[in-house]
Amino acid sequence: MNDILSILLSYVQLYKYLGLFIITFLGALALPLPSGSVVSAAAAFAVQGYMNFYLVVLVGIAGNIIGDNTGYWLTRQYGIIAVHKIGLGRFFKQKRLDYARKLLDDHPMLSIFFSRFFTAIAPAINVVAGFTKLNYRKYLTFEVTGEIAEVVFFAGIGYIFGNNWEYFSQLSNKFWILSVGGMVLSVVLWKIILNRK
Amino acid sequence: MKFNFNYKKIIQWFLVVVLVIFLIFTFVQIITNVWELKREGVISRRNFHKYSSKAQISDIQSWMTFRYVNVIFSLPLDYLKHELNIQDKNYPNISISSQAKKNKINTSLYLSSVQQAVNKYVLEHFVKYE
């Protein structure tokens, strides 16, 4: 187990639901924290009687959704202003923003829903969605359903596998990489074939 | 003779090849991990219930708090405090590693003493675990 995960799990054991909420919130907002593994571990603690499983799921979902939406709205309101102030405005031309928004708009399942399962990618998607002012209702729909699916999935691993949650959490991460990578490959190949025709 | 390179297509196909190689690598890793877990008996219908629900002494890790250890092994609240002579007023809401650092003891050694203390209680009180 890596040091960061050990430290985070100590905080969850010390502060329980408050610790879990803060970790999932910060992970969704910007920090590359292994919040999926933390949720699995918290569910395993619940199996042992240390926490309540349903509260773990609720708090995990709440932390993720609030973190995602905070990131989206902060970048939507202040993103472009901040970028111009630090002199990077030339990299964020309207044409590029429109293209990025079109990508998210055309593939919300792949870009928003499935990115919830990858804590390193999800905050970046939130930022892009905010920058490009992606339709909020569309963003919210896929983001909320994605977070519910993600938290229930990882909590389920902890609940079912108990003390062995760590093995299966790592395995599930690789499984998701394979699944989403396969979908991305399918979309890319389909577009290449379409262009040929 | 003129060659007409479509760089965009070349880059597209290069990315496709890289992605395919990466996916194959990930798939092989998954299969290897599953096979290792099966070999260690972690994935086993017979052992599933045993491994998934019961806490083992070896499951105790240095990042765990004393409160958590008390819960999973059904220890009396102050048992480890007296057994390990813990003076910290925050007990049991302290982690094993932080207590080791406070006492300036090697974390692995301190963890081992915690595991021995828990094992002693479990054996004395005939609590069955496998």
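Naming convention: chains lettered A, B, ... in sequence-line order (proteins, then strands); numbering from 1 in each chain. Keep in mind that what you see is a predicted model, and the values were worked out from it rather than measured.
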Note to self: Are B:Ile10 and B:Ile21 connected into the same hydrophobic cluster when the rule is that any two of I, L, V, M, F, W, Y join if their side-chain heavy atoms are below 4.5 Å apart?
What the structure shows: no

Check: Within the distance-only criterion (no hydrogens, no angle test), does the side chain of A:Ser10 pair as donor or acceptor with the backbone N or O of B:Trp63 below 3.5 angstrom?
Finding: yes

Checklist line | Closest non-hydrogen atom pair, B:Leu23 against A:Leu178 | finding: O-CD1, 3.3 Å

Margin query: Membership question, hydrophobic clusters at under 4.5 Å side-chain separation (ILVMFWY): are B:Leu77 and B:Leu75 in the same one?
Written below: no

Next item on the list: Using the rule that two of Ile, Leu, Val, Met, Phe, Trp, Tyr join whenever any of their side-chain heavy atoms come within less than 4.5 Å, decide whether B:Ile86 and B:Ile105 are in one cluster.
Entry: yes

Item checked: Over 12 non-hydrogen atoms of neighbours within 6.0 angstrom of CD1 in A:Ile4 -> no

Note to self: Among B:Asn90, B:Val16, B:Ile24, which residue has the highest count of heavy-atom pairs closer than 4.5 Å to chain A?
What the structure shows: B:Val16

Next item on the list: Select one option (side chain, backbone, both, neither) describing which atoms of A:Ile7 are under 4.5 Å from chain B's heavy atoms.
Entry: neither

Check: Less than 4.5 Å apart, any side-chain heavy atom of A:Gln13 and any of B:Met64?
Finding: yes

Checklist line | Under 4.5 Å from any heavy atom of chain A - which part of B:Leu19 | finding: side chain

Notebook entry, point to check: Do B:Phe22 and A:Leu185 come within less than 4.5 Å of each other through their side chains, counting heavy atoms only?
Noted result: no

Next item on the list: Could you tell me which portion of B:Ile96 (side chain, backbone, both or neither) has an atom closer than 4.5 angstrom to a non-hydrogen atom of chain A?
Entry: neither

Next item on the list: Examine whether an atom of A:Tyr15 lies under 4.5 Å from a heavy atom of chain B, and if so say whether it belongs to the side chain, the backbone or both; otherwise answer neither.
Entry: neither

Checklist line | Point-to-point distance, once rounded to the nearest 0.5 Å, from CZ of A:Phe45 to OG1 of B:Thr65 | finding: 8.0 Å

Next item on the list: Determine, using the 4.5 Å side-chain heavy-atom cutoff (strictly less than), whether B:Ile57 and B:Tyr110 are members of one ILVMFWY cluster.
Entry: yes

Margin query: Does A:Phe25, at its CZ atom, have more than 12 non-hydrogen atoms belonging to other residues, nucleotides or ligands within less than 6.0 Å?
Written below: yes

Margin query: A quick test of your reading: do over 12 heavy atoms of other residues, nucleotides or ligands sit less than 6.0 Å from CH2 of B:Trp35?
Written below: no

Checklist line | Top of B:Ile30, B:Ile94, B:Ile72 for chain A proximity - count of heavy-atom pairs under 4.5 angstrom | finding: B:Ile30

Next item on the list: Return yes when atom CZ of A:Phe175 has more than 12 non-hydrogen atoms of other residues, nucleotides or ligands closer than 6.0 Å, and no otherwise.
Entry: no

Next item on the list: Measure the shortest side-chain to side-chain distance between B:Phe27 and A:Lys174 over non-hydrogen atoms and say whether it is less than 4.5 angstrom.
Entry: no

